[in-house]
Student: 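I'd like to ask some things about the structure below.
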Amino acid sequence: MLGKHTYEEIKSQGEAWSRSLKVANHQIEQISNVITKPWPEIVFTGCGSTFYLSLTAALRWQTMTGIRALGVPGSEAWLYPESIFSDEAPLLIAISRSGATTETLRAINTYKERYQLDPIVISCYPESEMMTQTRYPVLAAGGQEKSVAQTRSFTSMLLMTHYLMWTTIDAHQERPNPLLKLPDAFDKLVSRYECQMKAIAQDKSLQKFVFLGSGVNYGIACEAMLKMKEMSLSISEPYHFMEYRHGPKSMVAEDMLIVGLIHDATRQEEMRVLAEMKEYGATILAITESADGITADHIVEMNSGVDVMFRGPLYLPALQFLAYYRAIENGLDPDNPANLTTVVELND
Ligand code: F1P
């Protein structure tokens, strides 16, 4: 079967999140004195998928804690440290499925040399170089994969950033942890997600894919774009909702699917953008917590009861299925994207 591993990895995310959550508390307790320090700034870093994860994690962190946070590619922190790191030491949170990507390793070394501090590392492989060379490793226990394109590893590591954030804002553990609801929410949605996305992917009149996300959903939109590119070799682009009007909309035509990742707080403005693109001929897919008041050709309703700040992993499985089924439709093997390897390692 083409894409056997990718398919299993997408489908098993509920289980992967449960496994990751089971060991999260214990691990994060070990580093709670690091995350709760009064840092002036948090820098998240990674490459490819894990850079996009860094983007969404940083915005969530700043929104929830009020601490300045940014997400940067590992290569930028390595090659241009002066434009990323300031005089006062930030906390670096490096994210890498493999724990072996050279650029992220070099970003970590730059940080260590500059401040004589260890970063927090989030990864799926406990024996990897990044995890063994820091005092603050955080394992996404359910996230390991056989496929090249990240699916359950991405959502499991994203879950761990959500967990770190939750620990920071609920230090006394007084409130029920919203993340514990996510595995069940996924299990309820997975068959519907698959069925809906397969049908859309099989509609070959759609040839171009645009993913729109505002605020914390922008990094998620970028990751959805990457899945579509890696697995199905389709033209796909991510934008902030409101930015899409400023030029890119010139490309809208009847061969385009525009996916809107609806943010609860800004849905009205976002729906206006989608309605305008519908007028230009695009087909619209909205992914939203509540379908109330949403008009689109296709709607995925999450109905999870989880706040948008802690719901990141739930947006993605539908879009992973979309990329997977479009790859199959294109006769490609989603497990082995063209020209790609699981890890990018650079020689000296
Ligand atoms: C990062 C990454 C992946 C991409 C490809 C190459 O790896 O860029 O996002 O899909 O497999 O590597 P990692 O540092 O998260 O292991």
Side-chain angles (χ1 to χ4, degrees), residues 3 5-6 9-10 13 16 20 43-58 71-79 92-111 119-134 137-161 211 219-234 236 238 312-313 316-317 319-320 322-324 326-327 332-347:
H5 296 310
T6 307
E9 287 155 10
I10 297 173
Q13 284 175 102
S20 303
V43 177
F44 288 86
T45 196
C47 296
S49 287
T50 40
F51 162 51
Y52 299 139
L53 205 167
S54 298
L55 284 182
T56 184
V72 298
S75 54
E76 297 286 302
W78 157 45
L79 294 170
L92 182 71
I93 303 185
I95 309 168
S96 171
R97 171 177 63 179
S98 61
T101 297
T102 307
E103 290 138 89
T104 308
L105 275 166
R106 290 187 182 169
I108 290 174
N109 287 339
T110 306
Y111 173 78
I120 291 178
V121 172
I122 302 176
S123 174
C124 302
Y125 292 89
E127 306 304 330
S128 61
E129 192 171 340
M130 278 179 219
M131 291 286 267
T132 51
Q133 290 189 5
T134 182
V138 175
L139 179 69
Q144 294 189 3
E145 285 169 335
K146 294 202 172 82
S147 310
V148 173
Q150 300 193 4
T151 55
R152 75 175 174 205
S153 61
F154 184 97
T155 55
S156 301
M157 291 187 290
L158 179 59
L159 189 64
M160 298 314 279
T161 63
F211 299 90
I220 305 278
C222 293
E223 170 61 7
M225 167 283 294
L226 188 66
K227 291 307 83 140
M228 188 54 85
K229 272 202 179 102
E230 288 179 327
M231 289 193 218
S232 80
L233 306 185
S234 305
S236 77
L316 273 165
L319 301 174
Q320 296 163 347
L322 186 66
Y324 170 86
R326 175 46 67 108
L332 298 166
D333 179 4
D335 286 353
N336 291 302
N339 312 334
L340 255 191
T341 47
T342 323
V343 193
V344 176
E345 285 173 301
L346 309 179
N347 300 320

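When a ligand or atom number is given, it counts from 1 through the structure's own listing order.
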Student: Distance from Leu53 atom CG to Met160 atom CE, nearest 0.5 Å?
Tutor: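 Going from CG on Leu53 over to CE on Met160, the span is 12.0 Å.
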Student: Counting N and O atoms only, with roles assigned by atom type, does the side chain of Glu145 sit under 3.5 Å from a partner on the main chain of Thr151, one being a donor and the other an acceptor?
Tutor: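 Yes, Glu145 side chain to Thr151 backbone: donor-acceptor pair under 3.5 Å.
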Student: In the protein, which heavy atom is nearest to atom 14 (O) of ligand 1, and how far is it?
Tutor: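 Among all protein heavy atoms, the one nearest atom 14 (O) of ligand 1 is Thr101 OG1, 2.5 Å.
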Student: Measure from the side-chain N and O atoms of Thr50 to the backbone N and O of Ser96, and report whether any donor-acceptor pair falls under 3.5 Å.
Tutor: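 No, because the side chain of Thr50 does not come within donor-acceptor range (under 3.5 Å) of the backbone of Ser96.
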Student: Which residue and atom name correspond to the protein heavy atom nearest atom 3 (C) of ligand 1, and how close is it?
Tutor: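 In this structure, atom 3 (C) of ligand 1 has Gln150 NE2, 3.7 Å as its nearest protein heavy atom.
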Student: Run the side-chain contact (heavy atoms from CB on, under 4.5 Å) check on Met130 and Ser123 step by step: do they pass?
Tutor: CA-CA 8 Å; Met130 278 179 219; Ser123 174; 5.8 Å; no
Student: What protein heavy atom lies closest to atom 1 (C) of ligand 1? Include the residue and the distance to one decimal.
Tutor: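 The protein heavy atom lying closest is Cys47 O, 3.2 Å.
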Student: To the closest 0.5 Å, what do you measure between CZ (Phe51) and OG1 (Thr101)?
Tutor: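 One finds 14.5 Å between CZ of Phe51 and OG1 of Thr101.
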Student: Using 0.5 Å steps for rounding, measure from the OG atom of Ser232 to the CZ atom of Arg326.
Tutor: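 If we round to the nearest 0.5 Å, Ser232:OG and Arg326:CZ are 7.0 Å apart.
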Student: Relative to ligand 1, is Ile95 under 4.0 angstrom through side chain, backbone, both or neither, heavy atoms considered?
Tutor: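 No part of Ile95 comes within reach of ligand 1.
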Student: Check ligand 1 against Gly48 and write out every atom of the ligand that is under 4.0 Å from a heavy-atom position of the residue.
Tutor: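 Per the distance check, 8 (O), 9 (O).
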Student: Around atom 12 (O) of ligand 1, find the nearest protein heavy atom and jot down its residue, atom name and distance.
Tutor: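 Going by distance alone, atom 12 (O) of ligand 1 is nearest to Thr342 O, 3.4 Å.
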Student: May I ask you to identify, for Thr104, whether its side chain, its backbone, both or neither come under 4.0 Å of ligand 1 on a heavy-atom basis?
Tutor: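 The answer is neither; Thr104 stays 4.0 Å or more away.
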Student: Short list, please: which atoms of ligand 1 are under 4.0 Å from a heavy atom of Arg97?
Tutor: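 Selected atoms, number and element: 11 (O), 13 (P), 15 (O), 16 (O).
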Student: Does Asp335 reach the main-chain N or O of Ser147 with its side chain, forming a donor-acceptor pair under 3.5 Å?
Tutor: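 Side chain of Asp335 to backbone of Ser147, a donor-acceptor pair under 3.5 Å: no, none is there.
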Student: Quick check: does any side chain N or O of Ser236 sit under 3.5 Å from a backbone N or O of Met225, one acting as donor and the other as acceptor?
Tutor: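 A pair under 3.5 Å: yes.
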Student: Should you measure from each heavy atom of Ser49, which atoms of ligand 1 turn up under 4.0 Å away?
Tutor: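 Ligand 1 atoms under the 4.0 Å threshold to Ser49: 9 (O).
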Student: Return the closest protein heavy atom for atom 4 (C) of ligand 1 as residue, atom name and distance.
Tutor: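 Here the nearest protein heavy atom works out to Glu230 OE2, 3.6 Å.
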Student: Against heavy atoms of Thr341, which atoms of ligand 1 measure under 4.0 Å?
Tutor: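 Near Thr341, the atoms of ligand 1 are 5 (C), 6 (C), 11 (O).
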